2 protein chains.
Amino acid sequence: MGAEDASAVRRRPGRRPGSADTRGQILTAARQIFAEKGFDRATVRGIARTAGVDPALVHHYFTSKAGMFVAVMDLPLNPEEVVPVLIGGPREEVGERIVRFVLTLTADAEARQPLLAMIRTAMTNDQVAAMVREFLTEELLDRAARGLGVPRIRMEAAFSQMFGLLVMRHVLRLDPLASAGVEELVALFAPTIQRYLDED
Amino acid sequence: MGAEDASAVRRRPGRRPGSADTRGQILTAARQIFAEKGFDRATVRGIARTAGVDPALVHHYFTSKAGMFVAVMDLPLNPEEVVPVLIGGPREEVGERIVRFVLTLTADAEARQPLLAMIRTAMTNDQVAAMVREFLTEELLDRAARGLGVPRIRMEAAFSQMFGLLVMRHVLRLDPLASAGVEELVALFAPTIQRYLDED
């Protein structure tokens, strides 16, 4: 972009000064702070300070630290919103709900690609792995294990099966797993998830 | 290494001419042919031709195409040898045998590292993914599914669970899954594998 174009953008009529950039500034700061400190030790206050904005603005744009992580990673969902839906409803169908939800979500390439990108990066970069581990533990696994009243190792077992299924279906592309329909896979995998998440 | 050292190596007394290099030449050729053609379309004959040796020598050093792949990838085991042991024995304990074997094998960092390296490369490189998929399908999944008389999708389901467990335990390192003892994990995961591999 030439100097004149940049200047034109800055002078765009009717634009509230700095507003579009504020979200971007916060995201840039969040990316930096998550990379430096990981997810656990990052704070909304610290990210706001790095971005040079008021913490209230961070809450305005992203609601929470998890919301910022979701935006930084371009994830198709926020566990804060999805977990209550998945663990609500009849307890004896929680396995089926989870398998059907994950398979339906990831059938869409636009939702799947950022998830696979995060998985690939976490598997080859220890710093990203630590950040993803902290995010998953706090926002997904702890939240769901508490909500269902199961030990966290059982929630991790369920997660490990869904993770393995997604990698076999969409990365390694093992057939017939890769080309099977959602309902066939629900029948095959839901009892596994249900058993892990059943009360003792 | 200086010219004199190299020359000393070449003149090492008592060494059968070319013998140590032959194995290395075959491995180099195998690496090249697997990369170019994948596992399925590679042949012992083609690799021997590229290495400039007789196919009988390839069989002498590596037994089979699978043996060459295992050597190229530095894998800690050959499915040709392990599958019969795992699917033999009481059918109602096959899940337990598989989970205990995989966890015990991968508890050893020297056995685990090449497996994890292969997984990481396959997840970020489509050509390697195809090669690994072909090797796994032919040498591990087909062989085990045939041996047990189960549909291959059920063997892939079992594989997806063991894969997910290994990644969570040794790459993402989710606790308590990462620090749990082998027997606790056998109790948690063996029923899953057993159900996938039970006859209908």
Side-chain angles (χ1 to χ4, degrees), chain A residues 99 116-126 128-137 140-142 145 151-181 184-185 187-196 198, chain B residues 99 116-126 128-137 140-142 145 151-181 184-185 187-196 198:
Chain A
V99 176
L116 295 182
M118 184 175 81
I119 289 172
R120 288 188 167 103
T121 316
M123 290 198 56
T124 50
N125 179 318
D126 283 348
V128 175
M131 186 169 79
V132 169
R133 175 173 58 245
E134 290 170 6
F135 172 75
L136 283 176
T137 299
L140 181 67
L141 303 170
D142 264 358
R152 207 177 70 204
I153 195 168
R154 301 188 74 89
M155 187 56 65
E156 293 175 359
F159 183 77
S160 78
Q161 174 60 92
M162 294 314 297
F163 173 88
L165 169 55
L166 285 186
V167 171
M168 293 309 130
R169 190 162 161 84
H170 293 294
V171 182
L172 208 55
R173 298 199 197 92
L174 288 183
D175 257 317
L177 209 55
S179 52
E184 184 182 1
L185 297 179
L188 190 51
F189 289 94
T192 298
I193 305 303
Q194 187 68 39
R195 179 181 148 265
Y196 291 146
D198 271 345
Chain B
V99 176
L116 295 183
M118 184 176 80
I119 289 172
R120 288 188 166 104
T121 316
M123 289 197 57
T124 49
N125 179 318
D126 282 347
V128 175
M131 184 170 78
V132 169
R133 175 173 57 245
E134 291 170 4
F135 172 76
L136 284 175
T137 299
L140 182 66
L141 302 169
D142 264 359
R152 208 176 70 204
I153 196 168
R154 300 188 75 90
M155 188 56 64
E156 294 175 358
F159 184 77
S160 78
Q161 174 60 94
M162 294 313 298
F163 172 88
L165 168 55
L166 285 186
V167 171
M168 292 310 131
R169 189 160 162 85
H170 293 295
V171 182
L172 208 56
R173 297 198 197 93
L174 288 183
D175 257 318
L177 210 54
S179 54
E184 184 182 0
L185 297 179
L188 189 51
F189 288 95
T192 298
I193 304 302
Q194 186 67 40
R195 179 181 149 266
Y196 291 146
D198 271 345

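Just so we're on the same page: letters track the sequence lines, and every chain starts at 1. Computed from a prediction, not measured in an experiment: that's the story for all the values here.
- Proximity to chain A (any heavy atom under 4.5 Å) is shown, for B:A130, by neither the backbone nor the side chain.
- For the atom pair CE of A:M168 and CG of B:L141, the computed distance is 9.0 Å after rounding to the nearest 0.5 Å.
- Within the 4.5 angstrom heavy-atom criterion, no atom of B:L166 approaches chain A.
- Distance check: A:L172 CG to B:F159 CZ gives 7.0 Å after rounding to the nearest 0.5 Å.
- Looking at A:M123, both its backbone and its side chain come within 4.5 Å of chain B, counting heavy atoms on both sides.
- Across every non-hydrogen atom of B:S160 and A:L165, the tightest pair is CB-N, 3.9 Å.
- With chain A as partner, the option from B:T124, B:I119, B:V132 having the largest number of non-hydrogen pairs under 4.5 angstrom is B:T124.
- For chain A, the option among B:V171, B:T192, B:D126 with the highest count of heavy-atom pairs below 4.5 Å is B:T192.
- The structure places CD of A:E156 at 7.0 Å from CG of B:D175, a figure rounded to the nearest 0.5 Å.
- With a 4.5 Å cut-off on non-hydrogen atoms, B:T137 touches chain A through its side chain but not through its backbone.
- Looking at B:R169, there are no atoms closer than 4.5 Å to chain A (heavy atoms on both sides), in backbone or side chain.
- The contact between B:L185 and chain A is made entirely by side chain atoms (from C-beta outward), counting heavy-atom distances below 4.5 Å.
- Between the CG atom of B:L188 and the CZ atom of A:R195 there is a distance of 6.0 Å, given to the nearest 0.5 Å.
- For A:Y196, the ring pair (Phe, Tyr, Trp, His ring centres under 6.0 Å) partners are B:F189, not counting sequence neighbours.
- The minimum heavy-atom distance linking A:Q161 with B:A157 is given by the pair OE1-O, 4.1 Å.
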